[in-house]
Amino acid sequence: MAKQLETICITTGPVEVGDYVTLNIGPIHPAMHGTLRVITKTDGETIVSAKPEIGYLHRGVEKLGENLTYSQFLPITDRLNYCSAICNNVAYEMAVEKLLGLQVPPKAQLIRMIMMELARIADHQVCVGILGVDLGALTPFFYLIIQREEIYEIFEWHHGARLTNSMGAIGGVEADLPERFHEKWPKLRDTIRKANDETDKLLTHNRIWMDRTIGVNAFCADDALNWGFTGPMLRACGVKRDLRKEEPYLMYDEVNFEIPTGKHGDVFDRYMVRMLEMEESVKIIDQAYALYKELPEDAPLMKKVPKIIKPPEGQIYHAIESPNGELGFFIKSDGSDKPYRIKIRPPCYMVYQAFEDLVKGEMISDLIACLSSLNVIAGELDR
Amino acid sequence: MADWQIDLIKVVFIWVWALLIAVVMTWVERRASAMMQDRLGPNRAGPFGLLQPLADGIKLFTKEDIIPERARKILFILGPPLFALPAFSAYAVVPFGDKIVLGGKEIILQVSDVNIGFLYVLALGAIGVYGMVIGGWASNSKYSILGGLRATAQLISYEVPMGLALLTIVLLYGTFSLREIVLQQQGTFLGFLPNWGFFKQPLGFIIFMVAAYAEANRVPFDLPECESELVTGYHTEYGSMRLGLYLFGEYVNMGTLAAITVSLFFGGWGLPYVDMSRFLGPVSYGIASFFVFFLKQAFFLFLFVWVRWTVPRFRYDQLMGLGWKALIPLGLINLFITALLVQLTT
Amino acid sequence: MKFQAIQGEGWLLTKAEQLINWGRSRSPWPFPYGTACCGIELMCALASGYDMARFGAERVAFTPRQCDVLIEAGTITKKMVPVLKRIYAQMAEPKWVIAVGACACSGGVFRTYSTQQGIGSVIPVDIYIPGCPPRPEGILYALLKLIDKIEADHPLYKQRPKLIEALEAYK
Amino acid sequence: MSLKDRVADILGKDLVALNEFRGDLCIEVPKGRIVQVLAKLKEEGGFDFLSDLFGVDNLDLYAKAAKKKKKSQEESEDTGETKGKESVQPRFEVIYLLLSLSTNERLQVMVRVPEDDLELPTVTGLWKAANWPEREVFDMFGIRFKGHPNLRRLLMWDEFQDHPLRKDYPLEGKGEERHLNYDIA
């Protein structure tokens, strides 16, 4: 049998002949979301080993950061996790602000919060939708995508871009919430809930969906912490940890929200955590919007920042809770107008390195389900 | 007209009909899925995009034909026709109408009333599998062979429950001929229910339906293709019209299975409670019976599409588990009970 | 004289070419080679709001054998270049390529050691879409432009010189 | 007891330097003792989560400092300083970002790695999370980690020669191309 399998016609890479069949999945494969690649050894359909290979989208962002000024690097951060670019923008802005030692005015903080939570919803919608597609249920994906378009509309009103937003600036945000946001938000809240509801009805209690997700790739909390998991992945394992609560930034300590957690860390728990988080995000936006309305209309949006930003020498690390988990920026400054070293700590980098542990002994179909539930975004994985 | 001429006309008619259903189904599938997903679907080729299948066909015909260097060439070429032709052939025993009187001659609307029609259908269904397996194996690609292996295991294990479900029908009606079975389903029983296989064998129908979805390679049982895992499964290496034949064969297969379902469980051409032959002329009765049959078939074809875009896909071991642990025991129990009832009542 | 229909623009051949072009332009099945940010916009273009399926570009298959249009959306790194070349080589003729976004066109903002500066130097590209990333409307517009291009093609003419040569030898 | 005192207490004489900036504490520890120090911090200090691990190349920083010093020296003509002390300063730094899950405190642990001895012991035994970051540091800076289970290039392809994040590597590269030879066996 093995002799017949020597060539791989579609994919590339070394081929081994032995008792196990080496199956190369990716970098171009429907479930690999662009540029991921896993080299698996399978015994029939069971996976004996799965070695992820990354770097197919390594664009040298960190090196680029060392050659651009602080403000110029902001648009580059969009291209990290392109599903929720705003979270990257705000994370970077906040890191530089920490380096400069300045506090952003409250109105800017609230606008950042609202936009970040919208981006979180958009990100989770893609993740859940793609998970459905990879398990064969295409229709929920379309319902969620329509909803995402509405969120994009708000982004477009606010800062003129759909996907790569480059929202705000170092020191605050440039523009107030758009006029139309005030009418749009109550409607949008209902439609987001409706889309989630439809997805929920189509998937959550579906017998096949339950069979495919419950108990698949279950992971225990100790291992997850040892592997450096953060975000929904860690929460699905039952650890109640969210940087919005643990190290509150912006004004997250003034709003009430729950941290949904799972129990077993399986695909179903990850799916449920993401679904519930969308609901929490809607709540956060509601409260942040109420706080926003209390502020006077001409409240400042920007802190005064010099045109050429030259932070003092020193090094800082600042992390926020992005949709995938802890997104941190380490910046070392040498006193010039360019950062001396920028290191990005992407959340899915740590998650994806545990991939072999996650899928060993499962079947090929589970590998696909697992990968989509991790929500690995190649842009921030390879940087 | 001589008998052979009539037979020829019937053969051509059923062939065109099967082709048409498959062609229209590719359009229906795309438009219906678009409808369910708040989209429009193809609407540029012809009115409502009705000519979309034609455009696809022209494109596939004029596309470069690639046979991978390391493929087994003869088998690679043999695969797609081996998949599509048995599905066509199975139409031969489908009674697509009652009878029509033309020129004083009574014509049965069925190409051939074989007295073992049942076995013929099952046998052809089993041959169709070879098209996939050979295609998958001959491509010499790992995704293809995985698809082919899945096809083998899946389709062969689902033949068994399907056979068990069909056996209950045979027990019930005491014949292998499809036409006989349809004739026996006319009228009512227990006073109000149509005399359909569905009402007499609900469990058998469910088993048959599940097995039919598995036979037709449709979601939730489309594991040999499985777009998100095996790229496109057994036909990963196929392009141009060879691919066209595979895609086409799938729809022909669906058409056959829908026709068989209608004949066995839903009274074929007959309407419930109404005997059309009483108030219709001999010619119009023949045509009407064909349309009734067609409408019933169309419903089941749409059901295929409906399910396809609603549910997720099974995993391989769950699929086998469902086949061997649930459907086969159920089928056996159903067979036993039916045998007992038939023995007691006759 | 005998071969006028082949040598000149005969009625039959022109009609046949029109028919083929009609078929090809109505069903450009895409190969969504989405590597980065533009992949998300490509996804939006395929989904409900914009619905690329209207133009027949519906059957999205990830096997190069079955696709007509390679939609390359996103950055191509130097590590990825051999893969892209191979995918393109595996596609069956006739094939077209759309380069979506600044990265695919020219490398975009990523003028770094690991990024390929535009895929045009690696594979032939038919349509370039600027933007970082382009809106779904941009992708649809590119598809329409590609359809125009296909309709203006001469699928039979390409082989005609060879055919004429063969027929001349026959005389 | 503040974090600073606690860390000083735990590490004792392993603590080479301590630096606080905007509330972020960065400690420097000797290169040979890094695994022991991190184990101690994990066991006694409660820093049970490795957030990240990365390298820094200080080549330009030292060059700049040397230039500045030279300039100031020329201006003041102070001959008391010994020249060339900067050149023996270790070129690379590797920084371990630690996090305490119970108290939410973060700590940067830094080791200096000289250019002539680019080797560090691996910490994959303490945290599995160090696996890929260590590979990345090797890929980007050329620092080898002794005992790492699979020390291969992570982001660049295997045949790549240089280490791109070093300061003497140009941003636009040296024109490397990747070629694959598919052997059709």
Side-chain angles (χ1 to χ4, degrees), chain A residues 6-8 12-15 17 51-58 60 62-64 66-67 98-101 223 225-230 239 241 243 246-247 311-319 326 328 330 332-336 340-341 343-346 349-350 352-354 357 381-383, chain D residues 19-24 26 48-58 60-61 64-65 68 93 95 97 99 101 103-108 110 126-133 135-136 139-140 150 152-158 160 164-167 169-173 180 182-185:
Chain A
E6 274 176 26
T7 49
I8 305 176
T12 64
V15 180
V17 178
K51 300 249 179 292
E53 191 176 329
I54 67 169
Y56 285 95
L57 195 58
H58 175 60
E62 285 171 9
K63 183 94 179 168
L64 201 59
E66 294 169 10
N67 290 276
K98 185 176 175 184
L99 194 62
L100 289 166
D223 273 354
L225 288 173
N226 201 349
W227 274 113
F229 280 24
T230 46
V239 182
R241 192 178 160 73
L243 287 183
E246 308 288 336
E247 299 171 18
E313 268 183 62
Q315 56 191 41
I316 56 104
Y317 175 79
H318 187 261
E326 178 183 328
F330 170 89
K332 180 170 180 168
S333 156
D334 62 345
S336 72
Y340 186 73
R341 169 94 167 95
K343 166 72 189 164
I344 301 149
R345 190 242 185 243
Y349 185 65
M350 294 294 180
Y352 194 43
Q353 62 173 324
D357 271 21
L381 178 73
D382 298 344
R383 299 176 303 267
Chain D
N19 178 24
E20 196 170 359
F21 181 73
R22 308 271 192 227
D24 279 15
C26 178
D48 42 5
F49 189 88
L50 180 74
S51 189
D52 205 353
L53 187 169
F54 52 88
V56 178
D57 181 4
N58 280 331
D60 282 6
L61 208 63
K64 210 173 131 192
K68 222 180 197 174
E93 290 171 5
I95 296 177
L97 288 180
L99 169 68
L101 291 174
T103 58
N104 285 318
E105 287 161 326
R106 290 179 189 271
L107 181 67
Q108 301 171 6
M110 189 235 283
L126 289 175
W127 291 284
K128 286 178 183 169
N131 192 332
W132 277 10
R135 276 177 72 183
E136 196 190 326
D139 190 353
M140 293 292 150
N150 180 21
R152 276 172 47 233
R153 281 186 179 275
L154 182 72
L155 295 174
M156 306 306 287
W157 56 97
D158 284 338
F160 194 78
L165 271 185
R166 288 186 177 187
K167 286 283 176 183
Y169 185 84
L171 172 65
E172 290 177 30
L180 273 186
Y182 300 99
D183 32 297
I184 301 162

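The chains referred to below are lettered A, B, ... by the order of the sequence lines, with proteins before strands, and numbering in each begins at 1.
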Quick one, D:Glu136 and A:Arg383 - any side-chain contact, counting heavy atoms below 4.5 Å?
yes

Is the A:Phe330 ring parallel, tilted or perpendicular to the D:Phe54 ring (thresholds 30°, 60°)?
tilted

Looking only at D:Cys26, D:Gly173, D:Ser51, D:Pro164, the option with the highest number of non-hydrogen pairs under 4.5 Å against chain A is D:Ser51

Heavy-atom closest pair (D:Trp132 atom, A:Tyr352 atom, distance to 0.1 Å) is CH2-CD2, 3.6 Å

So CG of A:Asn67 and CD of D:Glu172: to nearest 0.5 Å the spacing works out to 9.0 Å

Counting heavy-atom pairs under 4.5 Å to chain A, which of D:Asn19, D:Asp139, D:Asp57, D:Leu50 comes out on top?
D:Asp57

Side chain, backbone, both or neither: which part of D:Arg166 has a heavy atom under 4.5 Å from chain A?
backbone

I need the residue from A:Glu53, A:Glu62, A:Lys332, A:His318 with the largest number of non-hydrogen atom pairs under 4.5 Å to chain D.
A:Lys332

Side chain from CB out, backbone as N, CA, C, O: work out which of these in A:Lys98 comes under 4.5 Å of a heavy atom of chain D, or both, or neither.
both

Let me know if A:Gln315 has heavy atoms under 4.5 Å from chain D in its side chain, its backbone, both or neither.
both

Should D:Arg106 and A:Glu326 count as an ion pair when the cut-off is N to O under 4.0 Å?
yes

May I ask you to decide if A:Ile316's main-chain N or O and D:Asp24's side chain share a donor-acceptor pair within less than 3.5 Å?
no

Rounded to the nearest 0.5 Å, how far does OH of A:Tyr317 lie from CD1 of D:Ile95?
12.0 Å

Looking at CG of D:Asn104 and CD of A:Glu246, how far apart are the two atoms once the value is rounded to the nearest 0.5 Å?
4.5 Å

Out of curiosity, D:Trp157 CH2 to A:Tyr56 OH, how far, rounded to the nearest 0.5 Å?
11.0 Å

Identify which part of D:Leu126 has an atom lying under 4.5 Å from any heavy atom of chain A, answering side chain, backbone, both or neither.
backbone

Where on A:Ala354 is there a heavy atom nearer than 4.5 Å to chain D: the side chain, the backbone, both, or neither?
neither

Any salt bridge between A:Arg341 and D:Glu93, counting N to O under 4.0 Å?
no

Heavy-atom pairs under 4.5 Å with chain A are the metric here; pick the option from D:Asp48, D:Leu101, D:Asn150 that has the most.
D:Leu101

Region of A:Pro311 in contact with chain D, defined by heavy-atom distances below 4.5 Å:
neither

Side-chain heavy-atom pair D:Leu154, A:Tyr349 within 4.5 angstrom cut-off
yes

For a 4.5 angstrom cut-off between non-hydrogen side-chain atoms, does A:Lys343 reach D:Leu53?
no

A:Lys63 side chain vs D:Tyr169 backbone, donor-acceptor pair below 3.5 Å
yes

Structural part of A:Leu243 lying under 4.5 Å from a heavy atom of chain D
side chain

In this structure, CG of A:Leu225 is separated from NZ of D:Lys128 (nearest 0.5 Å) by 12.0 Å

Please find the pair of heavy atoms, one from D:Ala129 and one from A:Gly228, that lie closest to each other, and give the distance.
CB-N, 3.8 Å

Heavy-atom distances under 4.5 Å only: say whether A:Asp334 touches chain D with side chain, backbone, both or neither.
both

To the nearest 0.5 Å, tell me how far A:Trp227 CH2 sits from D:Asn131 CG.
5.0 Å

